[in-house]
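What you see below is based on every heavy atom in this structure, not just the backbone, and it leaves out hydrogens, waters and symmetry mates.
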Amino acid sequence: MRIKTVILVLVVFASCKTRNISRGTIKSYHKQSRDVYHFNGSVKTSRTFQKLYNRDSLSDDQLQLFLVANRFVGFCYGVYIEFDKNGTEKKWHSIPDSMYQSLAHDTIVVKSKRGRMVRMYAYEHFSKDIEEKTKYRQEHLVRKHVFNPYRVYFNTRSYEPNEVIVEKDSSYRKQTEVYEYTLNYDGTIHQEIGKTHWDKNLDNKIDKETINFTATYHYNTKKQLIKKTFEFGGFPDYPDHGLEFWGTGKIPQEEYTYDERGNLTSVYTYIVWKGERVGLVFSEDFTYDDSNNLIRLKRRASGGLSFNTDFKRVNELYFNENQEVVKLVSYENDEKTVHATYKFEYVNRDKYNNWLTCYHYLNDEEKAFAEVHRVFEYYDSKD
C-alpha cells in the first residue's frame with residue numbers, strides 16, 4: 001500500500017506542468033497570519049499584551065471560559081509571533097509581562113531565565129515545497145473566520161531552540177509534518193495525504209515515514225467541494241479544528257454546504273461507522289449580509305476542543321464591518337440558555353486597519369474588565 005501511494009504522488013507531481021493546477025484566482029495555501037490570527041497586511045512580528053483590571057471580580061468559571069473563548073476570536077494574549085512573507089509562523093513564545101514590550105524577543109527569553117521559563121518554538125519550511133504549493137489556486141473566496149475547505153498546508157518542521165542550542169539535543173528537529181496532494185484531471189485536489197518524516201541523524205535523508213491520514217475530496221456538479229472522507233494510518237492525525245481521534249478508533253467525515261452566491265454556509269464533522277453517520281463532533285454555520293460579509297458564526301464543538309470543564313460547546317460569534325468579533329454568546333448545551341456574553345470594543349487602528357487596543361466587557365456591564373494592546377511590525381516592500 002505504501003509503495004502504491006508513493007508512486008501515485010510521484011506521477012501526479014511529475015504531470016503538474018501539464019495539468020491546470022491554477023484553476024481559480026485565489027491562492028489556496030494556509031496563511032496563519034490571516035486564517036488563525038486574522039491580521040491585515042504583511043505582518044512580520046506581532047506582540048500582544050493583556051491587562052485585567054480586577055481579576056478577582058471574575059469567577060473561575062467566567063475567567064476560564066473567557067480564556068478559552070478567545071481561541072475562537074483569534075486573540076493570543078501575552079505572545080510574540082514572528083511570520084515569514086507568506087504569513088506562516090517562524091517563531092512563537094509567550095511574553096511574561098508587558099514590561100518586555102519594547103525588548104527583542106531573544107532578550108525576553110534570556111531575561112526570563114532568571115524568573116519563569118519562557119518556551120520558544122521555531123518553525124521551518126522548505127523553499128521547493130512553498131514554490132509548488134503557492135501555485136495552487138481556488139475560486140472560493142477566503143474570508144477571515146470562515147473555514148477554507150480548499151486550504152493547502154506547507155510542510156513544517158518544528159522544534160524548541162533551547163533544546164537544540166542549549167541542551168544540544170537534536171531530537172526536536174527529527175520530525176517534519178508533510179502534506180502531499182494528488183490532483184484530478186481538471187486540477188482540483190483529489191486527495192490530501194498527511195505524513196510524518198523522521199530524519200534521525202539530521203542528514204536531510206528520510207529515515208522513517210508514517211502516513212497519518214488520507215483525505216479524499218468529493219465535489220458536486222458545480223465543482224464545489226462538498227465532502228472529505230478520511231482514512232487513518234498508524235498514527236491518526238486530523239488536520240483541522242483542533243480535533244483529535246487518537247486511540248478512539250473513530251473515523252471522521254466532513255461535509256460542506258454553500259448558498260446561491262457561493263458562500264460557504266456550513267462545516268459539519270461527523271463520526272462514521274460502517275458507512276453511516278453516527279455522531280456530530282464539530283460544526284460551524286455561517287450567516288452573511290447582502291454584501292456577502294460574515295455577520296454571524298455558530299459553533300458546536302466537542303471531543304478535542306472540550307479540554308476545559310468551563311468551556312461550553314455551543315457558541316455564537318457576531319462580527320462588525322471589519323470582520324472583527326464584537327460579541328460572543330456562550331450557551332448551555334440546550335442551545336437556548338445563555339451562559340455568558342462577552343463584548344469587544346476596538347480602538348486605535350494602524351494604517352493596515354489592524355486594531356491596536358481592545359476593551360472587553362462581560363454580560364451587560366458597562367465597565368470593561370480587561371484591555372488588550374497589540375504592536376505590529378510589517379515587511380517593507382524592499383524586504
Side-chain angles (χ1 to χ4, degrees), residues 5-6 8-9 12-13 16 21-24 26-39 43 74 81-92 121-138 140 142-159 173 175-184 187-199 206 209-218 225 227-233 235-246 252 254 256 264 267 269 282 284 304:
T5 303
V6 173
L8 178 60
V9 172
V12 171
F13 277 100
C16 278
I21 63 172
S22 296
R23 183 179 181 271
I26 302 170
K27 291 184 178 181
S28 294
Y29 75 87
H30 182 65
K31 186 175 182 179
Q32 288 169 307
S33 63
R34 175 199 61 205
D35 303 334
V36 177
Y37 303 105
H38 315 299
F39 297 154
V43 175
I81 310 174
E82 183 177 332
F83 300 92
D84 62 18
K85 288 187 176 181
N86 294 307
T88 54
E89 291 179 344
K90 292 174 60 177
K91 291 182 180 179
W92 187 103
Y121 300 90
Y123 307 91
E124 295 181 356
H125 302 93
F126 308 90
S127 58
K128 290 184 178 179
D129 179 66
I130 293 174
E131 180 183 0
E132 183 64 43
K133 289 174 181 174
T134 50
K135 296 177 184 178
Y136 285 73
R137 299 290 192 273
Q138 64 184 66
H140 184 77
V142 180
R143 291 186 174 89
K144 295 179 182 179
H145 299 281
V146 178
F147 178 66
N148 176 19
Y150 303 89
R151 88 287 172 280
V152 171
Y153 286 126
F154 291 146
N155 296 346
T156 302
R157 175 189 292 158
S158 60
Y159 62 95
R173 301 191 66 179
Q175 183 174 326
T176 301
E177 298 304 316
V178 175
Y179 300 88
E180 296 178 348
Y181 298 87
T182 64
L183 306 177
N184 295 311
T188 57
I189 296 175
H190 170 59
Q191 284 187 332
E192 176 184 37
I193 304 171
K195 301 180 178 181
T196 301
H197 286 172
W198 278 272
D199 176 11
I206 301 172
E209 173 187 278
T210 60
I211 296 179
N212 305 325
F213 71 88
T214 300
T216 302
Y217 289 45
H218 305 263
L225 179 61
K227 182 169 63 175
K228 291 180 186 177
T229 54
F230 287 81
E231 295 180 7
F232 284 149
F235 186 75
D237 185 26
Y238 196 77
D240 301 308
H241 316 308
L243 298 177
E244 296 180 359
F245 294 91
W246 302 347
E254 191 154 287
Y256 315 100
L264 184 75
V267 177
T269 307
F282 178 88
E284 287 183 333

List the residues meeting salt bridge (charged side-chain N to carboxylate O under 4.0 Å, His left out) with [X], not counting sequence neighbours, and say none if there are none.
| X | value |
| --- | --- |
| Lys90 | Glu82 |
| Asp240 | Arg151 |
| Glu89 | none |

So, do [X] and [Y] sit near enough that their side-chain heavy atoms are less than 4.5 Å apart?
| X | Y | value |
| --- | --- | --- |
| Ile189 | Tyr136 | yes |
| Ser158 | Trp92 | no |
| Glu209 | Val178 | no |
| Thr156 | Thr176 | no |
| His125 | Tyr123 | yes |
| Pro252 | Leu243 | no |

What distance separates [X] [atom1] from [Y] [atom2], expressed to the nearest 0.5 Å?
| X | Y | atom1 | atom2 | value |
| --- | --- | --- | --- | --- |
| Arg34 | Phe83 | CZ | CZ | 12.0 Å |
| His190 | His218 | NE2 | NE2 | 8.5 Å |
| Lys135 | Arg137 | NZ | CZ | 10.0 Å |
| Phe245 | Phe232 | CZ | CZ | 5.5 Å |

Heavy-atom donor-acceptor pair, [X] side chain to [Y] backbone, under 3.5 Å:
| X | Y | answer |
| --- | --- | --- |
| Lys228 | Glu192 | no |
| Tyr29 | Asn86 | yes |
| Thr188 | Asn184 | no |
| Asp35 | His38 | no |

Report task. List for me each residue that meets side chain to side chain donor-acceptor pair (under 3.5 Å) alongside Tyr256, sequence neighbours excluded, and say none if there are none. Result -> Glu254

Students often mix this up, so state it plainly: with edges at 30° and 60°, are the rings of [X] and [Y] parallel, tilted or perpendicular?
| X | Y | answer |
| --- | --- | --- |
| His241 | Tyr238 | tilted |
| Tyr150 | His140 | tilted |
| His30 | Tyr153 | perpendicular |

Query raised in the report: Can you name the nearest heavy-atom pair linking Tyr179 to Gly194, along with the distance?
Result: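 Closest pair (atom of Tyr179, atom of Gly194, distance): CD2-CA, 4.4 Å.
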
**Report entry** Leu264 to Pro149 - nearest heavy-atom pair and separation
**Finding:**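 Where Leu264 meets Pro149 most closely, the heavy atoms are CD2-CD, 4.2 Å.
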
Query raised in the report: Quick one: do the Thr214 and Gln191 side chains pair a donor with an acceptor below 3.5 Å?
Result: no

Report task. Walk me through it: do Thr88 and Phe154 pass the test side-chain contact (heavy atoms from CB on, under 4.5 Å)? Result -> CA-CA 9 Å; Thr88 54; Phe154 291 146; 3.7 Å; yes

Report task. For side-chain contact (heavy atoms from CB on, under 4.5 Å), just list the numbers for Asn155 and His197, CA-CA rounded to whole Å, side-chain angles, deciding distance to a tenth of an Å, and then say yes or no. Result -> CA-CA 10 Å; Asn155 296 346; His197 286 172; over 6 Å; no

Query raised in the report: Can you name the residues that form a side chain to side chain contact (heavy atoms under 4.5 Å, CB included) with Asp199, not counting sequence neighbours?
Result: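 Testing Asp199 for side chain to side chain contact (heavy atoms under 4.5 Å, CB included), a comparison that skips the adjacent residues, returns Asn201, Leu202, Asp203, Asn204, Asp207.
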
**Report entry** side chain to side chain contact (heavy atoms under 4.5 Å, CB included) against Thr196, all qualifying residues, sequence neighbours excluded
**Finding:** Gln175, Glu177, Trp198, Thr210, Asn212

